[in-house]
Amino acid sequence: MKGTVYLGEDCLDARLPALTKGQANFVLTDENVFALYPDFFKKYFSGAEIFVMNAGEEYKNFTSLQAILEKMVGAGLKRTSRLFAVGGGVVGDMGGLCASLYMRGISCVQIPTTLLSQVDSSVGGKTAIDVCGVKNVVGAFYQPQEVLIDPNFLKTLPPREWKCGLGEIVKYAALDGDFFETMYQNKENLSSPQLALSLVYDSVALKAGVVMRDEKETGERKCLNVGHTTGHAIELAFGLSHGESVLWGMKLETKIAMATGVCEKEYGQKLLAIVEAALALPPVGKIDLVKIGEAAQNASADKKNVDSKNIVMAVAKAKGEWTILSLVADDYKTALERAARKE
Ligand SMILES: NC(=O)c1ccc[n+]([C@@H]2O[C@H](COP(=O)([O-])OP(=O)(O)OC[C@H]3O[C@@H](n4cnc5c(N)ncnc54)[C@H](O)[C@@H]3O)[C@@H](O)[C@H]2O)c1
């Protein structure tokens, strides 16, 4: 990982004047962020070309990619130009991909504005769009030059988006012993903005460390997919938010790992208590556990699978330890249905 992450209330003032000076700048944001923060755009990007995309995952697609790239060409950006992605994970993923493609790569600065994008998507250089209903299937590894994380953006975040970010934060508890203890001690307090803010720093540090050791996900970076195989399958089948789906994924995969003897029982129970506390926060989305088998089918298309027969999951094993669990597709479906029945 080459970029530098700046975190704190003063990071925009500290970095943006220097980063925006002396070349044509291009800003990508979405309609909600643009409407919420007019003064921010006036203050830092008065002379820049600003592209305001529609908000939402359904716009992380080829149509938006083409429109943004055409606007970049029209703006006459040069190799020295810089793209600033100001928004949640959708804007960050789209912006990073556009920066990687324009003139074979221009500098990109990520300014994440959701909890999820601050703790996860802005760091690590994964960029992508969804194609033919398959999530993140076309993309590139492209590291941002800098990531500027200002916690003030989180003040306007609705509860649904807060919970979305928590889904990824809880994931880190499964990877690091100290992080796990902090989360376990504070599990009744997960909606506290103060707690979440202190966890943003630890989350970013943890993710950046993993990415520096394994940028292209050939080994250790797979740990960041804890809960995600089943989470993505649930997201597709039941339309829950990404974060809440990841929480469900962590819950069911931890139960599967405990049932197969891969995850220590006592530790697994404590991890489940953290996940349950996060799941109980509003808004509580519903999934039909009787139909969980339908979600199992979606897991067959997961990018982590190496063949069509086995479902690959990154699961918690013991405090600060994780492992890969691979189950034959039929066994995965049975295990998932059993884990859901024990609800
Ligand atoms: N690249 C990665 O490593 C990585 C990791 C995890 C997730 N992702 C991707 O991230 C995306 C999800 O990101 P997300 O949850 O940030 O979704 P998002 O970008 O859709 O943002 C969620 C909503 O919050 C709004 N919003 C943004 N900032 C706001 C603010 N400060 N105040 C109020 N509203 C605000 C947005 O307009 C949007 O409606 C998915 O596409 C997922 O695939 C990428």
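All ligand and atom numbering here is 1-based and tracks the order in the structure.
Polar contact check, Lys126 against ligand 1: a nitrogen or oxygen pair lies under 3.5 Å apart. The shortest N or O to N or O distance between Leu116 and ligand 1 is not below 3.5 Å. Inclusion of Asn32 in the set of residues having an N or O under 3.5 Å from an N or O of ligand 1 is warranted. Residue contacts with ligand 1: Val90 is placed with a nitrogen or oxygen under 3.5 Å of a nitrogen or oxygen of the ligand (distance criterion only). Taking distance alone, with nitrogen or oxygen atoms compared against 3.5 Å, Lys60 approaches ligand 1 more closely than that limit.
A cation-pi geometry, defined here as NZ or CZ lying under 6.0 Å from the six-membered ring centre and within 45° of its normal, holds between Lys270 and Tyr184.
When non-hydrogen atoms are compared, ligand 1 lies under 4.0 Å from the side chain of Lys207 (C-beta onward) but not from its backbone. Both the backbone and the side chain of Ser121 come within 4.0 Å of ligand 1, judged by heavy-atom distances. At a 4.0 Å heavy-atom cut-off, ligand 1 touches Thr113 through backbone and side chain alike. Of all the heavy atoms of Asn136, the ones lying under 4.0 Å from any atom of ligand 1 belong exclusively to the side chain.
One option in Met53, Arg221, Glu57, His242 has a heavy atom closer to atom 40 (C) of ligand 1 than any other, and that option is Glu57.
Against a heavy-atom cut-off of under 4.0 Å, Thr156 is close to the following atoms of ligand 1: 30 (C), 31 (N), 32 (N), 33 (C). For ligand 1, the atoms closer than 4.0 angstrom to any heavy atom of Phe153 are 30 (C), 31 (N). Remark: ligand 1 atoms within the under-4.0 Å shell around heavy atoms of Val33 are 27 (C), 28 (N). Atom numbering of ligand 1 starts at 1 in the shown order; those under 4.0 Å from a heavy atom of Asp30 are 36 (C), 37 (O).
Using a 4.0 Å cut-off between charged side-chain N and carboxylate O, Asp120 and Lys171 make a salt bridge. With respect to the salt-bridge test (charged N to carboxylate O, under 4.0 angstrom), the residues Asp93 and Lys126 do not qualify. Note on Lys43 versus Asp13: salt bridge recorded, some NZ/NE/NH1/NH2 to OD/OE distance being below 4.0 Å.
For Lys155, the heavy-atom gap to ligand 1 stays at 4.0 angstrom or more.
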